[in-house]
Amino acid sequence: STFHESYHTLGEATQFLAALNLSHPENIRLEHIGQSAEGRAITAVVISSSKVRKKKKYKLKNKPQFVLMGAQHAREWIATSTALYLAHALVANKHESWSMVDLLKDFDFYVIPMPNPDGYVYTWGSDRFWYKNTMNVSDISGCHGIDMNRNWGVSWEPSSSPNEGPCAAWYPGERPYQAPEVDALARYFQKLDRLTAFIDLRSYGQMISAPYSYSCDKLPPDAEDLLEAAHGAASAVYRVHGTKMTAGILCQTLYRAPGNIVDWMYVKNDVKYSYAVHLRDTGTYGYMLPASWIRPVGEETGSLVSYLAGFILKKGASHYRIIFGMRYY
């Protein structure tokens, strides 16, 4: 498809998902997650080998669930485009190059290409490097927006200096889940009772990072498996186009950031295989990655996802972490 040869507006991406849904009615269902601060829809693309549209409330088979999420930070366009590419690859004919359809034999996928639709629209019309959502947060300063990826309810911290106030790109809000997008996503994820793996697609830096983000001094209990899988996934990426990725703990590969979704998924939602994946490049183009790179980034990220899926299956049914059979919000 030539669709993956350029970046697309929110409207164009929405139309693409609708067309994909129509062309694969047995394998795709579009689910409404909630609304953004400005009232735009947040949509999940549910992809399965099961007949997901047979009935309105058709329940999928008892397979582990894998979530792939696009850019929480609006300016990271390659993350949005890669999520769209992966949704397409998951239903592509198995004879096509880079098809990922065989993964549907063992997993149900939930792809959320645009978790921050307001911010994404803002990058197209007002500020290409906008970071946050666009909700009103301060009548005094006149500034707007919350950093969604510092607004999740694990080790959330309020602003500690004026540099992290409402006008700052990293503003975490006044309380966790204050961003309506984060609140809606959290509630949606809590309903996925077989959620096994999660990838937060980001840019840039070429890194695959496991929890924790809130602390550089602590390792997660599953660090051995998480890092083994991460290093294997990095090797899988390299074998596609020679892209080198660093694997490690998020606080160490990037910086300390409390209130991160990867920590929330691992700690609060009991998802063992939770990762942040920073896509190309390492700074030459940064957030302005050429559109000609969308397809190769999609191809190598597909290889990363496929490797992680295989690793999880080899580890067996114990791969998802449900503590006392309960989940907490």
Side-chain angles (χ1 to χ4, degrees), residues 6-17 33-45 67-87 111-138 141-152 164-173 177-186 199-205 213 254-255 257 259-262 276-281 283 285-291 293-294 297-298 301:
S6 60
Y7 293 106
H8 295 279
T9 65
L10 178 68
E12 291 168 347
T14 301
Q15 290 175 0
F16 174 76
L17 294 178
I33 293 176
Q35 291 186 319
S36 67
E38 296 184 33
R40 293 185 175 92
I42 303 171
T43 301
V45 188
V67 170
L68 305 170
M69 194 163 79
Q72 291 188 84
H73 296 148
R75 64 189 178 190
E76 298 171 9
W77 284 10
I78 189 61
T80 299
S81 293
T82 300
L84 293 167
Y85 176 94
L86 294 174
V111 184
I112 305 165
M114 295 156 291
N116 179 10
D118 296 346
Y120 189 65
V121 169
Y122 198 77
T123 62
W124 279 85
S126 298
D127 181 352
R128 173 62 183 85
F129 294 101
W130 185 252
Y131 194 74
K132 305 180 286 184
N133 72 358
T134 62
M135 67 183 294
N136 292 324
V137 292
S138 174
S141 67
C143 295
H144 58 286
I146 287 176
D147 179 354
M148 289 172 53
N149 211 17
R150 288 177 182 253
N151 194 235
W152 293 83
E164 296 178 358
C167 296
W170 287 357
Y171 179 57
Y177 311 110
Q178 182 181 357
E181 298 88 351
V182 171
D183 184 66
L185 288 162
I199 291 178
D200 183 28
L201 294 168
R202 301 183 61 179
S203 78
Y204 52 91
S213 175
L254 193 60
Y255 43 69
N260 189 285
I261 190 173
V262 170
V277 174
H278 287 76
L279 306 169
R280 296 196 203 182
D281 56 4
Y285 294 104
Y287 303 114
M288 301 295 290
L289 202 70
W293 290 25
I294 294 173
V297 170
T301 307

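Scope of the values below: all heavy atoms of this structure, side chains included, with no hydrogens, waters or symmetry mates. Note that the coordinates shown come from a computational prediction; the quantities given were computed from them, not determined experimentally.
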Query raised in the report: Within the side chain of Glu76, is there an N or O that forms a donor-acceptor pair under 3.5 Å with the backbone of Tyr287?
Result: no

Query raised in the report: Would you say the side chain of Tyr85 lies within less than 4.5 Å of the side chain of Val297, judging by non-hydrogen atoms?
Result: no

Query raised in the report: So how far is it from Thr14 OG1 to Leu84 CG, rounded to the nearest 0.5 Å?
Result: 9.0 Å

Report summary line: Here the pair of heavy atoms bringing Arg280 nearest to Leu289 is O-CD2, 3.8 Å

Query raised in the report: With Trp124, which of Trp77, Tyr7, Trp130 fulfils ring pair (Phe, Tyr, Trp, His ring centres under 6.0 Å)?
Result: Trp77

Query raised in the report: If we only count heavy atoms from C-beta on, is the Gln72 to Pro115 side-chain gap below 4.5 Å?
Result: yes

Report task. Flag the pair Ile261 / Leu185 as yes when at least one side-chain heavy-atom distance between them is below 4.5 Å, and no otherwise. Result -> no

Requested in this report: Output the distance between atom OG1 (Thr43) and atom CD1 (Ile33), rounded to the nearest 0.5 Å.
Outcome: 7.0 Å

Query raised in the report: So, does Thr301 use its side chain to make a donor-acceptor pair with the main chain of Gly298 at under 3.5 Å?
Result: no

Query raised in the report: Which heavy atom of Ala184 sits nearest a heavy atom of Gly34, and at what distance?
Result: CB-CA, 4.0 Å

Query raised in the report: What's the spacing between Ile294 CD1 and Ser6 OG if we round to 0.5 Å?
Result: 6.0 Å

Report task. Using modelled atom types only, decide if a donor and an acceptor are shared between the side chain of Asp147 and the backbone of Lys132 within a distance under 3.5 Å. Result -> no

Report task. List the atom of Tyr120, the atom of Thr9, and the distance in Å for their closest heavy-atom pair. Result -> CE2-C, 3.9 Å

Report task. Apply side-chain contact (heavy atoms from CB on, under 4.5 Å) to the pair Phe129 and Met288, showing each step before the final yes or no. Result -> CA-CA 9 Å; Phe129 294 101; Met288 301 295 290; 3.8 Å; yes

**Report entry** Separation between NE2 of His8 and OG1 of Thr80, rounded to the nearest 0.5 Å
**Finding:** 11.5 Å

Requested in this report: Side-chain contact test, heavy atoms from C-beta onward, threshold under 4.5 Å: evaluate it for Gln178 versus Met135 and give yes or no.
Outcome: yes

**Report entry** Side-chain heavy-atom pair Tyr171, Ile146 within 4.5 angstrom cut-off
**Finding:** yes

Query raised in the report: What are the two closest non-hydrogen atoms of Ser36 and Pro180, and how far apart are they?
Result: C-CG, 4.1 Å

Report task. Would you mind reporting whether Glu38 and Tyr122 have side-chain heavy atoms less than 4.5 Å apart? Result -> no

Query raised in the report: Just by distance, do the side chain of His278 and the backbone of Ala276 share a donor-acceptor pair under 3.5 Å?
Result: no

Query raised in the report: Once the angle between the rings of His73 and Tyr131 is folded into 0 to 90°, is it parallel (under 30°), tilted (30 to 60°) or perpendicular (over 60°)?
Result: parallel

**Report entry** Side-chain heavy atoms of Asp200 within contact of Asn149, under 4.5 Å
**Finding:** yes

Requested in this report: May I ask you to decide if Ser213's main-chain N or O and Asn260's side chain share a donor-acceptor pair within less than 3.5 Å?
Outcome: no

Requested in this report: Decide yes or no for Val262 and Arg202: does some side-chain heavy atom of the first lie under 4.5 Å from some side-chain heavy atom of the second?
Outcome: no

**Report entry** Heavy atoms from other residues, nucleotides or ligands near OH of Tyr285 exceed 12 (cutoff 6.0 Å)
**Finding:** no

Query - Nearest atoms (heavy-atom pairs only) where Val137 meets Pro166 - result: CG2-CB, 3.9 Å

**Report entry** Gap between atom CE of Met148 and atom CG of Asp118 - 0.5 Å precision
**Finding:** 9.5 Å

Query - Separation of Leu17 CG from Glu12 CD (nearest 0.5 Å) - result: 12.0 Å

Report task. Please report the C-alpha distance between His144 and Asn133 in whole Å, then the side-chain angles of each, then the deciding distance to 0.1 Å, and finally whether the side chain to side chain donor-acceptor pair (under 3.5 Å) criterion is met. Result -> CA-CA 8 Å; His144 58 286; Asn133 72 358; over 6 Å; no

Query raised in the report: Can you tell me if Asn151 uses its side chain to pair, donor with acceptor, with the backbone of Ala179 under 3.5 Å?
Result: yes

